[in-house]
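Right, one structure below, let's go through it.
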Amino acid sequence: MILDIDISLPLTLGCGQAHRWQRQGDVWEGVVDGKVLLLRPREGGVEAIGHLSRSRIMDYLRADDDLDAIYGSVAVDALMRDLTARYRGLRLLRQDPWECLATYLLAVNANVKRIGSMVEGLCRTFGDDLGGRHAFPRAEQIWERHQELDACRLGYRCQRMRSLAASVANGELVPDELRGLSYDECVHRLKNIPGVGDKVADCVALFSMDHLQAFPVDARIGRSLRENYGVSGSYHRCSAFGRGRFGPYAGYAQELLYQSEGESSWLGQTQAGGL
DNA sequence: CATCAACCTGATCA
DNA sequence: ATGATCAGGTTGA
């Protein structure tokens with residue numbers, strides 16, 4: 001199936017916003033809605049293989065986002081004009097709220113590589129076997145056998161995951177219901193969850209709840225703001241700067257800055273430069 | 001409201 | 001090889 005969409009798969013799927021995509025050559029393999037999905041660049045679009053409908057995939061890839069309008073809106077200075085040109089085709093994804101929340105709960109104080117290993121471990125332990133890959137587990141699946149969380153090497157995230165799985169499994173918390181709320185209310189509710197602070201709440205709001213003005217500030221974005229804009233200080237201060245400067249699509253600006261900062265630090269350490 | 005130590009693991013440094 | 005150091009958000013003092 002060929003999808004008519006302007007997108008860079010490496011930038012979109014490899015930038016760290018989602019953690020279940022694996023690259024094999026130019027083919028990207030991920031798991032969406034409990035189904036394996038293969039994506040490959042094609043002239044003028046993307047080829048998709050898997051048991052997902054066209055509309056479901058287009059929804060996941062946020063094909064409804066008008067990249068020209070969004071990039072134009074965040075290109076408020078020379079740096080952002082450069083990044084919007086350099087990283088054209090980088091899209092935010094519209095991830096499942098439960099999976100996104102659970103994933104970013106684990107992402108606390110961990111780098112991208114470790115997040116991936118914790119998430120894959122969680123999926124192997126609790127998720128449906130899809131033959132090779134595993135689905136992201138439902139909260140009930142984790143809660144039913146939550147003793148096995150102890151072997152997942154989650155550190156102090158273990159108790160938080162147990163607690164989160166319990167409250168979602170028993171219906172106390174319904175991640176999908178947070179989708180309809182305003183940005184402020186959404187973040188407020190998320191931060192009431194043990195283990196969810198400013199950064200995780202902003203990530204979940206941005207990556208799964210359509211709040212494109214969210215501007216998550218992690219260590220990398222903090223460095224970028226300091227280097228490029230001379231901004232530092234509290235989370236609130238940095239995040240408010242991002243939202244104020246870049247506007248309603250600040251989340252897109254954040255991803256562009258994240259990508260840029262990642263490449264510059266990567267080049268700094270990799271003298272050999274191959275690849 | 002700002003600061004800061006403690007938390008857990010894996011990677012990297014001496 | 002072994003131990004020290006560091007990276008990375010949230011919490012509560």
Side-chain angles (χ1 to χ4, degrees), chain A residues 14-20 22 95 97 99-125 142 146-168 173 175 178 184 186-209 211 214-227 230-244 250-251 254-255 257-273:
Chain A
C15 71
Q17 59 175 320
H19 298 85
R20 303 219 57 210
Q22 299 172 359
Q95 303 183 50
E99 176 172 343
C100 190
L101 173 57
T103 294
Y104 277 89
L105 188 86
L106 297 184
V108 165
N109 226 24
N111 57 38
V112 171
K113 182 174 181 183
R114 181 150 182 240
I115 297 166
S117 70
M118 287 189 288
V119 169
E120 282 303 316
L122 192 75
C123 293
R124 275 197 309 276
T125 305
I142 298 175
H146 67 266
Q147 305 82 1
E148 295 173 50
L149 275 174
D150 294 329
C152 290
R153 311 198 65 74
L154 305 181
Y156 50 69
R157 304 156 195 80
C158 187
Q159 295 307 328
R160 297 170 178 178
M161 176 59 71
R162 199 185 318 272
S163 153
L164 177 66
S167 61
V168 173
L173 174 67
L178 302 180
D184 287 334
C186 177
V187 164
H188 179 75
R189 293 271 295 273
L190 286 167
K191 284 174 65 175
N192 283 334
I193 300 167
V196 177
D198 292 319
K199 189 266 188 178
V200 171
D202 266 336
C203 285
V204 175
L206 177 61
F207 297 140
S208 73
M209 296 178 180
H211 293 299
F215 191 85
V217 180
D218 62 2
R220 209 142 119 181
I221 292 300
R223 276 193 297 275
S224 176
L225 292 184
R226 191 160 40 77
E227 290 166 5
V231 170
S232 62
S234 68
Y235 185 94
H236 177 79
R237 186 176 152 80
C238 293
S239 184
F241 170 82
R243 288 194 301 278
Q254 190 266 8
E255 282 305 290
L257 289 169
Y258 185 89
Q259 187 68 24
S260 169
E261 187 66 23
E263 285 183 12
S264 57
S265 67
W266 191 64
L267 290 173
Q269 327 179 334
T270 315
Q271 301 280 333

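To find a chain, count down the sequence lines: A is the first, B the second, and so on, and within it residues start at 1. Just so you know, these numbers come straight off a predicted model, no measurement behind them.
Where Ser117(A) and Asn109(A) each meet DNA chain B at their nearest nucleotide, the meeting point lying more 5' is that of Asn109(A).
End-to-end axis angle of the helix from dT3(B)-dA13(C) to dA14(B)-dT2(C), from C1' rotation axes over five pairs per end: 40° (rounded to 10 degrees).
Taking atom CG of Asn111(A) as the reference point, atom C1' of dG10(B) lies 8 Å away to the nearest angstrom. Between the CE atom of Met161(A) and the P atom of dC8(B) there is a distance of 16 Å, rounded to whole Å. Note: CG (Leu190(A)) to P (dT11(C)) measures 12 Å, nearest angstrom. To the nearest angstrom, P of dT9(B) lies 15 Å from CG of Leu105(A). Look at OH on Tyr156(A): it is 10 Å from C1' on dT11(C), rounded to the nearest Å. Here the C1' atom of nucleotide dA11(B) and the CD1 atom of Ile115(A) are 14 Å apart, to the nearest Å.
In the set dC7(B), dT10(C), dT9(B), dT9(B) carries the atom at the smallest distance from any side-chain atom of Arg114(A).
Counting non-hydrogen atoms of other residues, nucleotides and ligands closer than 6.0 Å to CZ of Arg189(A) gives a total of 12 or fewer.
Note that Arg243(A) lies outside the cation-pi zone of Phe215(A), set by a 6.0 Å cut-off to the ring centre and a 45° limit from the axis.
Contact annotation for Ile193(A): backbone-only contact, meaning every heavy-atom pair under 4.0 Å involves sugar-phosphate atoms and none involves a base. Across all strands, Arg153(A) comes closer than 4.0 Å only to sugar-phosphate atoms, never to a base (heavy-atom distances). Residue Arg223(A) is classed as a sugar-phosphate contact, given heavy-atom separations below 4.0 Å to backbone atoms only.
In this structure, the side chains of Asp198(A) and Val217(A) stay at 4.5 Å or more apart for every pair of heavy atoms.
At dG10(B), none of the side-chain N or O atoms of Lys113(A) fall inside 4.0 Å of OP1 or OP2 (strictly under the cut-off).
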Check against side-chain contact (heavy atoms from CB on, under 4.5 Å), Leu190(A) and Leu178(A): CA-CA 8 Å; Leu190(A) 286 167; Leu178(A) 302 180; 3.5 Å; yes
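A donor-acceptor contact shorter than 3.5 Å links the side chain of Arg157(A) to the backbone of Leu154(A). Looking at Ser239(A), its side chain never comes within 3.5 Å of a backbone N or O of Tyr235(A) through a donor-acceptor pair. Counting only distance, with no hydrogens or angles, the side chain of Gln95(A) and the backbone of Gln17(A) share a donor-acceptor pair below 3.5 Å.
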